[in-house]
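A quick write-up on the structure given underneath.
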2 protein chains.
Amino acid sequence: MENKETFIKKLRSSGLRPTRQRIEICRALYDRKKTFHFTINDLAKILKSKSNEKISLATIYNTVCAFKNINYLKEISINSNKSYFDTNVSNHHHFFNESTDELIDLKNDDVGNIKLKKKIPGKKIKSVEILVKIKDNN
Amino acid sequence: MENKETFIKKLRSSGLRPTRQRIEICRALYDRKKTFHFTINDLAKILKSKSNEKISLATIYNTVCAFKNINYLKEISINSNKSYFDTNVSNHHHFFNESTDELIDLKNDDVGNIKLKKKIPGKKIKSVEILVKIKDNN
DNA sequence: AACCTACTTTATAATGATTCTAAAGTAGTG
DNA sequence: CACTACTTTAGAATCATTATAAAGTAGGTT
Ligand SMILES: [Mn+2]
Ligand SMILES: [Mn+2]
Ligand SMILES: [Zn+2]
Ligand SMILES: [Zn+2]
């Protein structure tokens, strides 16, 4: 239920000009009750149906990349031919349903704490993600 | 240190005809002391340098896919533009060095046991993988 | 308001990994 | 040797993503 002004402030405070396109994309991504996972193609479809103005595919790519850089979006590690993004930017893990190509959140509490006993000198850890691949029974 | 006959037997027992190309690829992948991670392009280079016979890129793709299906290779889950494969097919996890695009094995003992407290009815778990992304300090 | 300039959007082309096609080659069998 | 199913291959096609470069815009300045 965030309104336009909130998005404008958020964008400005991250050094991004609040353009028509970026505000529309904010609406599509964050004006919802629940976080969700999407591909670029998913988002393009959502924008086409929900929004009047046409937003070019290049802008969608640019914006998703920009939003990822300022931590408005997270990219999920899957070896798919497409990239998957998540509006839930907190640390959490995923099921990936290989039968439907859908991601499902695994809350941190759903996974026992991960204790890494190996360290790599001279490197810093950027993320620790668990991916549980699942498939339909049968 | 496996020899040609061993590869031929292995291939036959998996329902794959032991062709020149497949045997060469087995040599490149398994005639080593340590397991390793590679992309298709990596493997193509290795084959070009180590082997006399030219093997087409299509065959390399076909063979890697076939080897994956019979569990001679494992594909690692990374959101890269390329696919990464592993000659270590046992359950284990990875560091991914984003500075060099290299994978490093994390032995199962290097990670505390993972207890999944969430289940998805009607689905079976195919794999559970941890990916730890790291980057050069600085 | 008119103006300036850096940032943005956009259509379009280019890239590059992967997959497809269909023709030529080969392994295994009898 | 002959047969057939499997395999390899060059080349084309696909498709997500990135690059290009020209037109548009935000936000400040005069
Ligand atoms: Mn891939
Ligand atoms: Mn990708
Ligand atoms: Zn998520
Ligand atoms: Zn490995």
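Owing to the predicted nature of the structure, the values given are computational and were not obtained by experimental measurement.
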*What is the distance from CZ of Arg22(A) to C1' of dT10(C), rounded to the nearest Å?*
14 Å
*Using modelled atom types only, decide if a donor and an acceptor are shared between the side chain of Arg22(A) and the backbone of Arg17(A) within a distance under 3.5 Å.*
yes
Please tabulate the protein-to-nucleotide N/O contacts below 3.5 Å involving nucleotides 27-30 of chain C, giving atom names and distances.
| residue | atom | partner | partner atom | Å |
| --- | --- | --- | --- | --- |
| dA27(C) | N3 | Arg17(B) | NH1 | 3.2 |
| dG28(C) | OP1 | Arg12(B) | NE | 2.8 |
| dG28(C) | OP1 | Arg12(B) | NH2 | 2.8 |
| dG28(C) | OP2 | Arg12(B) | NH2 | 3.4 |

_Nearest-angstrom distance from the residue atom CG of Asn79(A) to P of dA16(D)_ = 16 Å
*Tell me: CD1 of Ile78(A) to C1' of dA16(D), nearest whole Å?*
15 Å
*Check: Asn69(A) side chain, Ala66(A) main-chain N or O, donor-acceptor pair, under 3.5 Å*: no
*asked:* Quick check on Lys9(B): does its NZ atom have over 12 non-hydrogen neighbours (other residues, nucleotides or ligands) under 6.0 Å away?
replied: no
*Short question: side chain of Tyr30(B), backbone of Tyr72(B) - any donor-acceptor pair under 3.5 Å?*
yes
*Any donor-acceptor N/O pair, Asn3(A) side chain to Glu5(A) backbone, under 3.5 Å*: yes
*asked:* Is it the case that the side chains of Asn41(A) and Thr39(A) hold a donor-acceptor pair, with the cut-off being a distance below 3.5 Å and no angle test?
replied: no
*asked:* Using a strict threshold of under 4.0 Å (side-chain N to carboxylate O), is an ion pair present between Asp109(B) and Lys117(A)?
replied: no
*Check the distance between dA17(C)'s P and Asn62(B)'s CG and give it to me in whole angstrom.*
17 Å
_Ring centers of Phe85(A), Phe67(A) separated by less than 6.0 Å_ = no
*Is the phosphate of dG25(C), meaning OP1 or OP2, less than 4.0 Å from a side-chain N or O of Gln21(B)?*
no
*Give me the bend of the helix from dA1(C)-dT30(D) to dG30(C)-dC1(D), using the axes of the five pairs at each end, rounded to 10°.*
10°
_From CD1 (Ile104(A)) to NE2 (His93(A)), nearest 0.5 Å_ = 15.5 Å
*Determine, step by step, whether Lys123(A) and Ser99(B) satisfy the side chain to side chain contact (heavy atoms under 4.5 Å, CB included) criterion, reporting the C-alpha distance in whole Å, the side-chain angles of both residues, the deciding distance to 0.1 Å, and the verdict.*
CA-CA 9 Å; Lys123(A) 308 271 179 274; Ser99(B) 303; 5.7 Å; no
*Think Ser83(A) has a side-chain N or O under 4.0 angstrom from the OP1 or OP2 of dT17(D)?*
yes
*Can you find a side-chain donor-acceptor pair between His92(B) and Asp86(B) that sits under 3.5 Å?*
yes
*Whole angstrom is fine here: how far is it from OH in Tyr84(B) over to C1' in dA17(C)?*
12 Å
*Please report, rounded to the nearest Å, how far the C1' atom of dC7(C) is from the CG atom of Leu16(A).*
10 Å
*Rounded distance in Å - CZ (Phe85(B)) to C1' (dA17(C))*: 11 Å
*To the nearest angstrom, how far is Glu24(B) atom CD from dT9(D) atom P?*
11 Å
*asked:* Quick check on contacts: within residues 38-61 of chain B, what sits under 4.0 Å from DNA chain C by heavy-atom distance?
replied: Ile40(B), Tyr61(B)
